[in-house]
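In what follows, chains are A, B, ... by sequence order, proteins preceding strands, each numbered from 1.
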Number of protein chains: 2
Amino acid sequence: MSQGRHAPTALTPQPARTQLTPRAAEIVQAARELLEEQGPEALTMRALGERLGMRAPSIYKHLKGKEAVEAALIEQGLAEMGAALYAALDGAGDPVEAVLRAYRRMALAHPNLYRLSTGGPLNRAALPEGLEEWAGTPFFLACGEPQLAQALWSFAHGMVILELDGRFPDSSALDLTWREGARAFLAARTAP
Amino acid sequence: MSQGRHAPTALTPQPARTQLTPRAAEIVQAARELLEEQGPEALTMRALGERLGMRAPSIYKHLKGKEAVEAALIEQGLAEMGAALYAALDGAGDPVEAVLRAYRRMALAHPNLYRLSTGGPLNRAALPEGLEEWAGTPFFLACGEPQLAQALWSFAHGMVILELDGRFPDSSALDLTWREGARAFLAARTAP
DNA sequence: CTTGTCAGGCTAACGCTGTTAGCCTAGAGT
DNA sequence: ACTCTAGGCTAACAGCGTTAGCCTGACAAG
């Protein structure tokens, strides 16, 4: 770990991950594969059981229910996104551009996990305290100012989710759009 | 209708709305009330039927299925959003700020309709040709340039959806965040 | 006036979902 | 040797979207 542009990343240590039993971890791993390979609709308790060679009700011996499976996946998604963003800050180049690039790259690499992690209301009680904030901090580190950081995060999330959902016209030059957005935020940061 | 900052709004006339039978329109209206009052989970075919004094299977005499009901709602959402954005362009003040304000206002006024309209993949075949593009054009009219317009739209959508989903920390000063975002895009537009 | 058509309701049922209750069995601990 | 329990199982429930098939009242044609 070294540092970003404005502050040492070590200021916000990564929160501890929730501890799962080995079997529960296997189940979550299988759930992740199912989710990524076949989409959110395919992630059913019965399909998950089948992939593990067991029946759906047996899963409940290891995890409270489908929500708990999803919470574990969301935790993975946030943790990996956070790691990718902090790593991007450590690289060369402007931190705003670096964070945006890493964000998009991560989301497109795991689209269904990203959607699950960031879509819809979030059951915070099921997540490790502070994980969400930790994962978002790189935006603050890149901007040096909380409001602009939130705005930058919103831009990044909006871009990614609209791209994943195929909401942009087919003719869209998304690389250019990302560049334009980066340019706007870069200008706002350096010139208040 | 008059004009926005860069181009007359009449350049892109509102696409025709899909025609529903009176009874089908009643059903869609009831669906909208159900959706807004009790959330997306409550919008089931049986609940919808009950609200109309009929059984769920009877709905299929008027609409193809739940997807058709949702498509009609999405169409309403997009049409109303578009109308609000064009109206905002006609007002005083900077068009970027006006469009952002109208977008947020509209989304927060009908959160569940907004989520339905903008979340997840979109079945374009079920929508009037060009409606989506028409509803998004005000962003272009405000920016005068397609890439910046897409970026602005992404920012607005990200802000709104994260706010609706309660993803921002409770302490967030979202008004300020919107202002910061507007400032960034305004600067990018005027100073290329 | 009778007859035929059919729009628009109904019930029953299917296959799917998450979930619960209760049973059974192999292995660990005392 | 006895007990306990982790971790599997089946059966079942309620709710979901949806389909098939029936029925009835209104309305048009002869």
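Following rounding to the nearest Å, B/Met54 (CE) and C/dA7 (C1') show an atom-to-atom distance of 12 Å. As a whole-Å value, the separation of B/Lys66 NZ from D/dT19 C1' is 17 Å. Following rounding to the nearest Å, A/Tyr60 (OH) and C/dA21 (P) show an atom-to-atom distance of 12 Å. Put simply, CD on B/Glu50 is 12 Å from P on D/dG15, counting in whole angstrom units. Atoms CD (B/Glu67) and C1' (D/dC16) sit 15 Å apart, rounded to a whole Å. As a whole-Å value, the separation of A/Met45 CE from C/dT19 P is 6 Å. Going from atom CG of B/Leu48 over to atom P of D/dC16 covers 12 Å, rounded to whole Å.
A sub-4.0 Å separation between OP1 or OP2 of C/dT17 and a side-chain N or O of A/Thr44 is present. Under 4.0 angstrom from either OP1 or OP2 of C/dA7 there lies no side-chain N or O belonging to B/Lys61. Contact check, B/Arg55 against C/dT11: a side-chain N or O comes under 4.0 Å of OP1 or OP2. Between B/His62 and C/dG9, a side-chain N or O to OP1/OP2 separation shorter than 4.0 Å is present. Residue B/Ser58 places no side-chain N or O under 4.0 Å from the OP1 or OP2 atom of C/dG8.
Atom CZ of B/Arg124 has more than 12 neighbouring heavy atoms from other residues, nucleotides or ligands inside a 6.0 Å radius. Applying the 6.0 Å contact sphere to CD of B/Glu26 captures more than 12 heavy atoms from other residues, nucleotides or ligands.
Under 4.0 Å is where a charged nitrogen must lie from a carboxylate oxygen, and between B/Asp175 and B/Arg101 no such pair does.
With hydrogens and angles ignored, the 3.5 Å screen pairs a side-chain donor or acceptor of A/Thr44 with a backbone N or O of A/Ala47. In terms of modelled atom types and a separation under 3.5 Å, the side chain of A/Asp94 and the main chain of A/Val96 share a donor-acceptor contact.
With hydrogens and angles left out, the side chain of A/Arg46 and the base of C/dG18 share a donor-acceptor pair within 3.5 Å.
Counting non-hydrogen atoms under 4.0 angstrom, A/Ile59 reaches nothing in the nucleic acid. Nucleic acid contact class of A/Leu52 (heavy atoms, under 4.0 Å, all strands): none.
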